[in-house]
Structure formats: structure tokens, C-alpha cells
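Here the structure is a predicted model, which is why all the values come from computation and not from measurement. As a basis for the values below, the full set of heavy atoms in this structure was taken, side chains included, without hydrogen atoms, waters or symmetry mates.
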Amino acid sequence: MSVVYFDASRLFLRGARSSPTGIDRVVFAYARWLSERRGVSLIPVWSRLGYLSRLPMRRFQELVEITSGERREAGPPPGEATWNALIGALRRPAAAGRAVRPLPRPLGREAAGVAGAVAAALAAPRALRLQPGALFVNVNHYGLEHPLLLSRLARAGVRPVVLIHDLIPLEFPEFCSPGGGPRHERRIIACLNHAWRLITNSQATATALTGFAASRGLALPICVTAPLGIEAAFLDRAGGPTGAAPYFVCVGTIEPRKNLGFLLALWRRLDERLGEATPPLVLIGRRGWENEAVVDQLERSPSVLRHVHEVAGLGDRQVASLIAGAAALLSPSFAEGYNLPVIEALALGTPVIASDIPVHRELATGARLIDPLDGPAWMEAICAAAASRPAVDRLEPPTWRAHFGIVESALDGAVGP
């Protein structure tokens, strides 16, 4: 029986959300995979001050079920009020009202109960006695910045396995929260020094990691690249919302590296040219950090308030429907480690207009790639897609089964049969 300590810190701290972020999805996928492995004794843990503590398995399973959609509460589905408001707005002319903004949505009774139990579990962690030969699997970066965590595990005979999502805080610290660069540097150095296996989500991330290791004179542990899978909702051929005029979507946390200030400037220019004929833009995602200028535009710019909708808390099928019906998905990001929404859109057969950056060149086969600051080229592409949605071949998407096949081989049978 293989013992696997699975870092569930992010899952517990973020609670029972109906619309997980990209990293959340990875945590859920690994939690499901490890839970289903025969011959694996899975122990959910979280790290604090470089030490691991055991988390209650029952609460771990409840969080995975609720947030991954395997278990639904009675009553309206997640995000229904937001969905109805958005679909109604997409069917109205721009002059008929203001654009949609996020609606407060309290946790359901069951999710709130789990959240309370999670808080209690984190407040009273249970000590963990490390077993030599066990694996420690961390796919959320949480706690790795503490300089003693991985070294303590390695000295105890535990084999750390870490998925590196990106090196953006090191390459583009200006797009991250203050202190994010040094914190991520500590994580990466600890992984290079003490990890047994490393996993990257793209060759672009692997190249950045290799370059960083070389710049510090550090050896690279055995490292494999395993593209992330997408969820079932994005594999269906269901269409988009009916009755809506051509619209565009942009999916992801609202944060500086997403280049949304540029996108909103384009929509102001479109409003100058087209007025009420300006196609709606739907931003799908929560507000992140360091976003004052973008938030000011979302809340105060007259043209943005007419044409740009901002929604959060939608379920996977609602997001998939919006992407499927869009004239194009837009992703003008300055930097990405993977970019699941671009892959999801291409899998649904939706045109993608994206920034010309390494990971998009690697993974976004069939997308139109444009320099992230080339305003005229973006305007031309958006106007052309609004006039006539381009035909694209569906991308054969990467799957979680393929991802875990690569990971399983790299772990040399350490996660059982």
C-alpha cells in the first residue's frame, strides 16, 4: 500500500466554490485521481510553518464532491441569478440598460456547513507522523515557499512530487502581488533542491524552469511535461445561448497579466466607432489583485458600462455554453503557464484570438495569435469575427487520462496499480 500525502491546502482555504479557477481544477483532478487509485492510502494534509498536518478525510471528500459538481444541493443551480441576468442583457440592445456586474451569492446550506467545518479543521490541525517512502504531492504551490518544508520531508524519507504551473512571478514580477517574486523564487529553489519528481503543464513552463535552474547553477530533478486535461462540460457539442447578438468572451481571474486594460480600451474605441452596434464583451472570472485601473473602468467608464459584462460564480456548463456561442474567445495575456480557457474554447470549436506568446504558440493550434499590444490588429480581428464568425477545426483536447498516464510513468509505480 503506497502512502500519499496530498496537499489539500488550497481546496480547504478556498472553500466550496462553484466556479473553480485553473489551479483549483488541477487540485480537484489530482484529488479524484489519487482517491480512485487502488493500493494508495491517501492522506489529505496542509502545511503551516514548514510542517504538515493531517486534514479530515470526510471534509476533504465533501469539498471535492461539492466543488467538482459530483454533488448538488437542492434549489437553484450555482450562478443561476447571474446567468439569467447575463442572458437577458445579451438579448437586449446596448441602449436598454447597464451591463451586468457580479451579483452576491451566499453559500448554500450544505456548502456553508462544510466551510464552517473546514475552518474548524484548519484551526485545530492534527499532527502527522511521516512515513519513509511515502509521497508528498503538491499541485497548488501552497506552502512551498517555506524553506524547511521540502527539506524536512526529504530528510524524513518522504519523496516530494510538485507540479509547477508557471514561473510568471519571476519573469514578470510587475504583474503579481507585492512580494510574489521572492516568494515564488523560494518555492522554485526548494523544488529544485529537494523534489523527487517535477511536473510541468507545458513545454513553455519546462523551458522557463530549465533556464532558471541553469541561471542558479542548480540541477534539475527528473521532470516531465504533462498537458492539463479539460472537464467534461467543455467536451460537449451543446450550443450557446439562443437569441443573443454576436458577443465575445474573456475567461480568467481579473489580474494585471491578463492585459484587460488593453481589452477595455479596445471596447471604448469600438463604442466610438459603432455606438449601440458595439458587440458585447463578457468577462468571466473573479477580481484579483492590483487591478485599480481596470476596476475603475469597469465601474465608471460609460462605454464599458454599456457593453462589457462582468460575471463570476457560474458553473462549468454555463461557462461552456457562453464560450460555445461566442464570436470568439479573447485572451490578450502578457504571460500564461498553460491557459485552460483557450484550450476549452478550441475544443468547443470556438474561434480564439490570443496573444502571441510561447504557450499559445505551443498549445493553441488554430488560434489567431497577435502581439498583445498591437491595437489595430486586435481591432481588425475582433471586427471581422463580429461580422462573420470564422470557421475553425475543433482541437483534439488533452485529457486528464493522458495527463495522469504521463505522471504515473514518471512516478515509477509509486501510486499503485
J.: For Arg54, is there any backbone N or O sitting under 3.5 Å from a side-chain donor or acceptor partner on Tyr5?
T.: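 Absent.
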
J.: Can you tell whether the side chains of Glu292 and Arg300 come within less than 4.0 Å, N to carboxylate O?
T.: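 So Glu292 does not pair with Arg300 through a salt bridge.
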
J.: Just checking Phe334 against Phe175, ring centres under 6.0 Å apart?
T.: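 Judged by ring-centre distance (under 6.0 Å), Phe334 and Phe175 do meet the cut-off.
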
J.: How would you list, by chain and number, every residue that makes a salt bridge (charged side-chain N to carboxylate O under 4.0 Å, His left out) with Asp393, sequence neighbours excluded?
T.: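 Expected list: none.
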
J.: Using the rule side-chain contact (heavy atoms from CB on, under 4.5 Å), only one of Val4, Leu130, Asp7, Val161 pairs with Phe136; which is it?
T.: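 Testing each of Val4, Leu130, Asp7, Val161 against Phe136, the sole residue satisfying side-chain contact (heavy atoms from CB on, under 4.5 Å) is Asp7.
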
J.: Do Arg152's NZ or CZ and the ring of Tyr51 fall within the cation-pi criteria of under 6.0 Å and 45°?
T.: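 Positive - Arg152 is close enough to the ring of Tyr51 and near enough to its axis.
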
J.: So which heavy atom on Cys191 is nearest to which on Pro221, and how close?
T.: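 Looks like O-CG, 3.8 Å.
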
J.: Would you say the side-chain atoms of Ser388 pair up with the backbone N or O of Ala384, donor to acceptor, closer than 3.5 Å?
T.: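 Absent.
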
J.: Determine, for Arg25 against Asp316, whether the closest basic-nitrogen to carboxylate-oxygen distance falls under 4.0 angstrom.
T.: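 A salt bridge links Arg25 with Asp316.
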
J.: Side chains of Val3 and Leu135: closer than 4.5 Å at any heavy-atom pair?
T.: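 When only atoms from C-beta onward are counted, Leu135 and Val3 do not touch, as no gap falls below 4.5 Å.
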
J.: Salt bridge or not between Glu299 and Arg101? Use side-chain N to carboxylate O under 4.0 Å.
T.: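 So Glu299 does not pair with Arg101 through a salt bridge.
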
J.: With a sphere of 6.0 Å drawn around CZ of Arg287, does it hold more than 12 non-hydrogen atoms of other residues, nucleotides or ligands?
T.: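 Yes, the 6.0 Å shell around CZ holds more than 12 heavy atoms from other groups.
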
J.: Looking only at heavy atoms, which two atoms of Ser47 and Ser9 are closest? And how far apart?
T.: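 Scanning both residues completely, I find the closest heavy atoms to be N-OG, 3.6 Å.
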
J.: Check the angle between the aromatic planes of Phe6 and Phe60 and answer parallel, tilted or perpendicular using the 30° and 60° thresholds.
T.: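 Plane angle over 60°, so perpendicular.
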
J.: With a 6.0 Å cut-off (strictly less than), is the heavy-atom count around CD of Glu174, excluding the residue itself, greater than 12?
T.: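 Count over threshold, so yes.
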
J.: Could you measure the distance from the CD1 atom of Ile323 to the CD atom of Gln318? Nearest 0.5 Å is fine.
T.: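 These two atoms lie 12.0 Å from each other.
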
J.: Any chance you could measure Ile382, atom CD1, to Thr278, atom OG1, to the nearest 0.5 Å?
T.: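 The distance works out to 11.0 Å.
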
J.: Using atom types as modelled and distance alone, determine if a side-chain donor or acceptor of Trp378 lies under 3.5 Å from a backbone N or O of Asp371.
T.: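 Checked: pair present.
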
J.: Is the backbone of Ala377 close enough, under 3.5 Å, to the side chain of Asp374 for a donor and an acceptor to pair up by distance?
T.: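 It does hold such a pair.
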
J.: Taking all non-hydrogen atoms of both residues, which atom of His309 and which atom of Val100 are closest, and how far apart?
T.: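 Heavy atoms only, the tightest pair is ND1-N, 3.0 Å.
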
J.: Where does the angle between the aromatic ring planes of His403 and Tyr30 fall among parallel (under 30°), tilted (30 to 60°) and perpendicular (over 60°)?
T.: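 The arrangement is perpendicular - the two ring planes meet at more than 60°.
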
J.: If you measure from the Lys or Arg side-chain nitrogens to the Asp or Glu carboxylate oxygens, is any gap between Arg368 and Glu380 under 4.0 Å?
T.: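 Result for this pair is yes, salt bridge flagged.
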
J.: When rounded to the nearest 0.5 angstrom, what distance separates CG in Leu281 from NE2 in His307?
T.: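 Separation between the atoms: 11.0 Å.
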
